[in-house]
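See below for the structure under consideration.
Here the structure is a predicted model, which is why all the values come from computation and not from measurement.
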Amino acid sequence: EETSSDEEGLEVSEEDMEGGEETSSDEEGLEVSEEDMRSMALLQSELQKNPLQYDKHLEYLGLLRKWQLFETLESARESMSEWFPLSPPLWKNWIEDSVQSGKDNHFVRNLYDRAVEDYLSVSLWEEYLHFLHEHQDEFGILEMRSCYERAITNAGIHLSEGIKIWKACIRIEETHLATLIDEEQIEEAKEGVRRIYKRAFMVPLNNVEDLEVCYKSWEKNDSKDVLKECADALDKAKKLRSKRKEWEHTLDSGEGEADELLLSNYFSYIQAEEKMGNDPSRVQLLYERAVTSFPITAEIWNSYMRYIQRHLNVPSVVTKVCGRAVRNCPWVSVLWATAVRILDTASCEPGFRQEFWSTFLKFHLHIAPLLGAADFLEILLARCDSCRQQNLEPHELHETFQKMSAMMDEYYPNFVDRGLLLHSYWAECEASRLQDVEAGRAIWESLVSNKYSSIYEAWAGFIDFEKRFGSVDRCRALYNRSYHRRMDDAMHRYTLSHSWLRFERENGTSDLYFKALKKVEDYSTTIENYLAKQKSLAEDDDAEVGNKRRTLQGKKDTSEKRLKKEPGQRENAGMAIQHDDSRTVFVTNLAFSATESDIREKFSACGEVSGVRIIKSSYTGKPKGYAYVDFAMEESVMRATGLAGTQLLGRTINVQKSNPPTHRKKTSHSSTVSRRSDRSIIGTSSAQADSSKLESQPKHGADPGSTSLGFVPRAVRGTPSSSSPSEVPAPPLRTNEDFRAMLLDKK
């Protein structure tokens with residue numbers, strides 16, 4: 001089950017559940033309370049059913065640690081580590097309890113080795129080196145050197161905290177130096193200390209000045225001048241540090257802010273680091289820092305795996321990163337599929353690939369309910385791609401496709417893959433790679449004879465298969481079978497019929513063509529009737545939509561009339577709907593289910609949100625997938641644009657500064673006739689509107705007081721203006737009696 005995406009809150013829960021039970025655990029001989037016993041039994045039962053419940057694991061470990069049930073606690077921790085990478089606080093608690101329960105030093109060291117592999121933690125590496133330093137007699141200087149070299153590689157270039165690793169390494173070497181007596185060994189050890197200092201000065205680090213002071217003091221005591229090459233290296237490192245100072249500041253300042261903003265800062269820093277130089281290890285370290293802060297954010301894991309594949313395509317590195325990615329986010333199908341394909345590009349041994357797939361088989365029973373059928377299918381297709389590239393034996397490749405098909409049928413029995421991605425792939429491999437056309441034909445036959453019998457794509461795919469690997473007679477038989485099938489869409493059968501005609505024209509005789517044409521013509525009549533019925537229904541729908549539009553327009557007119565208030569009130573009403581674009585961002589690709597509160601919560605970290613306007617369809621009332629977010633301050637706009645590319649409710653949103661198009665100003669009309677004429681041309685183009693307006697004006701030589709509307713009520717008829725001397729006086733108004741007299745005169 002999907003865990004909470006608030007990593008900060010997750011760390012708090014870990015510390016609360018495993019870090020604060022010391023008061024009750026100091027008492028020996030206490031019996032477990034009945035309430036906690038029931039809770040532990042219930043948690044154990046739930047985890048056995050579904051071990052992908054991270055919070056349940058934490059709660060279970062907390063109760064076991066509270067009552068110091070170390071044997072059961074050890075087993076529970078091992079079980080959790082099989083499904084999830086453990087966070088540094090969890091590993092520290094495990095190590096602390098192991099020391100307290102009297103575990104030997106080699107067991108503790110093994111825990112440290114496992115702990116530093118899950119997440120990047122400078123403090124954990126520092127504790128590991130300190131542990132070895134305390135037991136140097138047991139482990140020896142060679143093992144300690146091997147360990148601190150790993151620490152330097154993994155955490156020594158951490159700009160803000162890496163200095164701790166270098167100090168720990170120097171401490172180990174200086175302690176070793178103090179135990180030596182032989183002069184030759186002493187000189188060799190001194191050179192080793194000097195070498196570590198020189199390496200540290202080549203790395204951009206914060207607080208490296210403290211290390212510089214220590215080095216000068218150490219060289220002075222040894223009656224040697226400070227080496228010039230160390231000073232030069234230190235100057236270069238400080239320049240490199242200054243280039244990254246601002247980016248480091250964004251990470252430090254963003255730790256207390258919204259997760260989305262900090263994640264955006266990580267991505268920006270990574271992009272900047274890629275442009276600064278060609279050191280993949282520094283970019284990798286930034287990714288490690290990012291996934292430590294956002295362990296269940298699939299976006300950054302996917303980006304990390306893709307980067308490793310491009311720049312550090314080493315089997316050992318690729319295997320570790322991919323394995324950690326899918327264990328952190330097992331419910332994300334794209335991570336599984338990408339990992340399977342990346343392992344192929346890294347030329348990993350078949351054993352590594354099989355081990356990774358075994359991990360998926362271990363997870364799939366629990367993640368299948370969380371994935372959609374299409375997502376699950378994408379993982380299976382990636383596995384088929386991998387097996388095809390490995391040049392397996394024919395029976396092994398056949399068994400692979402067979403297992404993938406069985407898994408889809410088991411978990412998604414009602415799923416219809418209209419693209420036939422798996423089965424068409426399987427049939428193609430059987431016919432082309434394994435040279436078994438009958439096996440490929442059997443796959444297609446099983447589709448059109450069962451669940452896919454009414455699916456156009458299945459018949460079209462089967463026919464195409466027979467065109468390439470079969471015979472003309474088989475194709476003709478399939479066309480004939482498909483003609484007598486009831487398709488899920490009548491037009492699909494119509495399409496197949498016309499495809500049949502083309503096939504007979506290109507491959508058959510005239511006699512066969514006319515036989516097919518007779519069937520097609522008979523069905524065409526049915527289709528024409530069907531289309532006529534659909535057209536009639538569409539016209540009815542259009543008429544219904546037109547009625548709704550007129551109703552909405554009437555409501556709009558009523559609203560406009562209600563807004564006709566005093567001038568001061570109209571101005572205030574107009575001011576209420578004014579928006580300052582300099583303090584507004586335009587957000588697109590929103591989930592249709594996104595509410596105003598969801599959007600407000602997303603952007604609240606950027607500054608005070610004064611308003612959220614979700615754009616909706618004027619006819620359906622449903623959201624269109626974009627919105628405007630108004631801020632109280634202009635500075636918030638720049639922060640908000642930094643959220644572009646992040647996710648909201650599962651969709652990657654686009655954010656840009658608001659720059660709406662300038663709309664044509666509405667012109668007022670002085671007469672009732674003009675307003676009615678304008679309303680009659682709503683929905684027409686501007687050219688049509690202009691034409692309609694021209695037609696409504698008095699024509700040359702016509703009565704200026706009349707309009708193109710024919711007989712018009714007197715109250716609407718315009719009166720001539722005396723301001724223009726060239727205008728012709730309007731004729732006198734006539735009554736109904738006048739018109740009746742004119743009619744009798746004509747007779």
Side-chain angles (χ1 to χ4, degrees), residues 14-15 17-22 25-26 28 57 61-62 64-82 84-156 158 161-181 185 188-189 192-193 196 288 292 316 320 323-324:
E14 290 170 358
E15 292 173 0
M17 291 179 180
E18 283 221 337
E21 304 85 354
E22 301 280 333
S25 63
D26 288 339
E28 297 291 342
H57 279 289
L61 294 180
L64 292 174
R65 192 166 190 253
K66 173 182 177 181
W67 297 102
Q68 291 192 342
L69 303 175
F70 290 127
E71 292 185 4
T72 309
L73 181 60
E74 184 83 20
S75 175
R77 282 167 168 159
E78 289 289 355
S79 175
M80 183 179 181
S81 66
E82 290 179 7
F84 298 101
L86 303 187
S87 64
L90 291 178
W91 279 113
K92 289 180 181 180
N93 289 337
W94 192 348
I95 293 169
E96 179 185 343
D97 292 342
S98 298
V99 173
Q100 183 180 352
S101 60
K103 298 288 185 179
D104 62 79
N105 291 334
H106 287 280
F107 180 86
V108 175
R109 184 192 174 183
N110 181 55
L111 289 181
Y112 272 118
D113 276 331
R114 294 170 59 187
V116 295
E117 294 294 332
D118 277 354
Y119 293 108
L120 173 65
S121 173
V122 175
S123 62
L124 200 55
W125 273 110
E126 188 181 17
E127 290 183 14
Y128 188 9
L129 295 177
H130 180 69
F131 170 79
L132 294 177
H133 188 209
E134 283 186 336
H135 304 88
Q136 57 181 335
D137 295 337
E138 182 175 356
F139 295 108
I141 186 62
L142 294 180
E143 290 193 29
M144 287 191 291
R145 284 174 178 168
S146 174
C147 182
Y148 77 58
E149 286 295 339
R150 288 170 52 209
I152 290 173
T153 301
N154 288 277
H158 193 300
E161 299 182 24
I163 192 70
K164 300 175 183 178
I165 302 298
W166 293 101
K167 287 181 177 180
C169 297
I170 292 171
R171 193 180 305 117
I172 290 175
E173 288 294 345
E174 287 181 341
T175 303
H176 173 65
L177 174 62
T179 62
L180 298 178
I181 301 176
Q185 292 180 347
E188 183 179 352
V193 175
I196 295 178
E288 286 291 343
T292 301
S316 59
K320 290 180 181 178
R324 291 161 57 210

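Between Gly156 and Trp166 the shortest heavy-atom distance is O-NE1, 2.9 Å. Shortest non-hydrogen contact noted between Tyr148 and Ile196 is OH-CD1, 3.6 Å. Between Glu117 and Lys320 the shortest heavy-atom distance is OE1-NZ, 3.5 Å. Nearest heavy-atom pair across Thr175 and Gln136 is CG2-NE2, 3.4 Å. Between Arg324 and Pro85, the shortest heavy-atom distance links the atoms O-CG, 4.3 Å. For the residue pair Val108 and Val99, the shortest heavy atom distance occurs at CG2-CG2, 4.0 Å.
Under the 4.5 Å side-chain criterion, counting only non-hydrogen atoms from C-beta, Ile165 is not in contact with His158. Counting heavy atoms from C-beta outward, Trp91 and Val116 have side chains that stay 4.5 Å or more apart. Using a 4.5 Å cut-off on side-chain heavy atoms (C-beta onward), Leu111 and Lys103 make no contact. The side-chain heavy atoms of Leu132 and Ile172, taken from C-beta on, include no pair separated by under 4.5 Å.
Qualifying ring pair (Phe, Tyr, Trp, His ring centres under 6.0 Å) partners for His135, counting only residues two or more places apart in sequence or in other chains: Phe131. Under the side-chain contact (heavy atoms from CB on, under 4.5 Å) criterion, Ser316 pairs with Val314, not counting sequence neighbours. Residues that satisfy the ring pair (Phe, Tyr, Trp, His ring centres under 6.0 Å) test with Tyr119, not counting sequence neighbours, are absent from this structure.
For the salt bridge (charged side-chain N to carboxylate O under 4.0 Å, His left out) criterion with Glu127, the lone passing option out of Arg109, Lys92, Lys164 is Lys92.
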Verdict with reasoning, Arg114 to Leu86, per side chain to side chain contact (heavy atoms under 4.5 Å, CB included): CA-CA 10 Å; Arg114 294 170 59 187; Leu86 303 187; over 6 Å; no
Worked check of side chain to side chain contact (heavy atoms under 4.5 Å, CB included) between Leu90 and Met80: CA-CA 11 Å; Leu90 291 178; Met80 183 179 181; 3.9 Å; yes
Residues Glu78, Trp94; criterion side chain to side chain contact (heavy atoms under 4.5 Å, CB included); working and verdict: CA-CA 10 Å; Glu78 289 289 355; Trp94 192 348; 3.5 Å; yes
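Comment: Arg171 does not engage Glu126 in a salt bridge, judged by the lack of any side-chain N to carboxylate O separation of less than 4.0 angstrom. A salt bridge links Glu173 with Arg145: the closest approach of a Lys/Arg side-chain nitrogen to an acidic carboxylate oxygen falls below 4.0 angstrom.
Side-chain contact of Glu134 with His130: a donor-acceptor pair under 3.5 Å is present, judged by distance alone. No donor-acceptor contact under 3.5 angstrom links the side chains of Trp125 and Asn154, judged on distance only.
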